[in-house]
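Below is one structure, written out as structure tokens; comments come after it.
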Amino acid sequence: MNAIEFQTTITNSFVQIPNFEKFENKQVRIIVLDTTSALPKQANKGFISNYAKNPVSVANNTHFLTRDEANER
């Protein structure tokens, strides 16, 4: 398997592939990563702190299983 990694600035719908002759007439996988965008703030903090700040309400008539009921086989 041959692999190549390069950086470029996309200005139109065509991307120049360095040493494209190596890959000519071969099946390849193209992955485009945007390195300038940052992750949202919530993604950095984790889901536990997100739920701690924004708890989910559960209806009063909701029935939860006991430990024995949950572990029955």
Side-chain angles (χ1 to χ4, degrees):
M1 178 175 142
N2 289 325
I4 186 170
E5 182 177 329
F6 61 95
Q7 290 184 338
T8 187
T9 302
I10 297 176
T11 56
N12 58 34
S13 60
F14 299 100
V15 177
Q16 188 73 24
I17 300 173
N19 302 326
F20 105 96
E21 296 83 12
K22 242 188 202 179
F23 303 103
E24 190 174 15
N25 297 320
K26 293 182 181 177
Q27 185 176 4
V28 297
R29 179 180 302 182
I30 307 296
I31 300 172
V32 178
L33 300 173
D34 181 3
T35 59
T36 60
S37 64
L39 293 174
K41 287 186 177 182
Q42 289 181 350
N44 291 335
K45 294 181 180 177
F47 72 96
I48 294 175
S49 63
N50 187 27
Y51 280 117
K53 291 178 183 174
N54 304 308
V56 176
S57 298
V58 179
N60 289 338
N61 60 353
T62 302
H63 171 72
F64 293 99
L65 297 175
T66 65
R67 180 179 290 197
D68 291 333
E69 291 172 332
N71 291 319
E72 282 181 358
R73 294 196 181 227

Subject >> Atom CG of N12 with >12 non-hydrogen neighbours under 6.0 angstrom >> reply: yes
Original post:
Take atom CD in Q16; do more than 12 heavy atoms of anything else shown fall under 6.0 Å from it?
Top reply: no
Original post:
Which distance, rounded to the nearest 0.5 Å, do you find between the CD of E72 and the OG1 of T66?
Top reply: 7.5 Å
Please check if [X] and [Y] belong to a single hydrophobic cluster, counting links between Ile, Leu, Val, Met, Phe, Trp and Tyr side chain heavy atoms closer than 4.5 Å.
X   : Y   : answer
I31 : I17 : no
F14 : I10 : no
I30 : I4  : yes

**OP:** Kindly give the heavy-atom pair with the smallest separation between T8 and F6, and that separation in Å.
**Re:** CG2-CE1, 4.0 Å
